[in-house]
Amino acid sequence: MFAHRRLERKIDALNYKVDLILQHLGIQDLPAIPAEPIRAVPTAARPAFSWAEIDALLLHDKKIQAIKRYRELTGAGLKEAKDAVEQRHRY
């Protein structure tokens, strides 16, 4: 029971802080949160894909950053990106 109240107080404090930040930034209304999270970036909004960035990261042994960048550029899932980068890294 006390843990539940403590969580409610924390949520209230966070809401208050968010309200202060929004007020400071001059934001009046927040857009509604969609029921389903957006999974992929529309094709038109995606930057052009090039292996050059991925190869540069792999050259500097930054495999995790390469996977992240691959996901940003292609909209791929984690498993797909990991497999693609690992396949590229072998050669």
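Side-chain atoms are counted along with the backbone in the values below, which use heavy atoms only and exclude waters and symmetry mates. What you see is a predicted model; the values in this text were computed from it and never measured.
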Review point. Just wondering, are more than 12 heavy atoms of other shown residues or ligands nearer than 6.0 Å to CD in Gln23?
Key: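 It does not: Gln23 CD has 12 such atoms or fewer within range.
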Review point. Mind checking whether Ile64 and Ile54 sit in one hydrophobic cluster, side chains of I, L, V, M, F, W, Y counted as touching below 4.5 Å?
Key: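 In one cluster: no.
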**Study point:** Min side-chain heavy-atom separation Lys63-Glu86 under 4.5 Å
**Key:**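 They are in contact (side-chain heavy atoms under 4.5 Å apart), so the answer is yes.
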Check your understanding: What are the two closest non-hydrogen atoms of Leu58 and Ala66, and how far apart are they?
Key ->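 What the structure gives for the nearest pair is CD2-CB, 4.0 Å.
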Exercise for review: Would you name the heavy atoms of Ala84 and Trp51 that are closest together and state the gap between them?
Suggested key: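 So the two residues come closest at O-CH2, 4.0 Å.
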**Study point:** Qualifying residue, where the test is side-chain contact (heavy atoms from CB on, under 4.5 Å) with Asp83 and the options are Lys79, Glu80, Gln87
**Key:**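 That would be Lys79.
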Practice item. Kindly write out the residues that satisfy side chain to side chain contact (heavy atoms under 4.5 Å, CB included) with Leu14, not counting sequence neighbours, or none if the list is empty. Key: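 Checked Leu14 against side chain to side chain contact (heavy atoms under 4.5 Å, CB included); zero matches.
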Review point. Which residues satisfy the side chain to side chain contact (heavy atoms under 4.5 Å, CB included) test with Lys62, sequence neighbours excluded?
Key: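 Applying side chain to side chain contact (heavy atoms under 4.5 Å, CB included) to Lys62 gives Leu57, His60, Gln65.
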**Study point:** Note: Glu72-Arg69 ion pair, threshold 4.0 Å (strictly below)
**Key:**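 Salt bridge between Glu72 and Arg69, a charged N being under 4.0 Å from a carboxylate O: yes.
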Review point. Between Arg71 and Ala81, is there a donor-acceptor pair closer than 3.5 Å when you use the side chain of the first and the backbone of the second?
Key: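 A pair under 3.5 Å: no.
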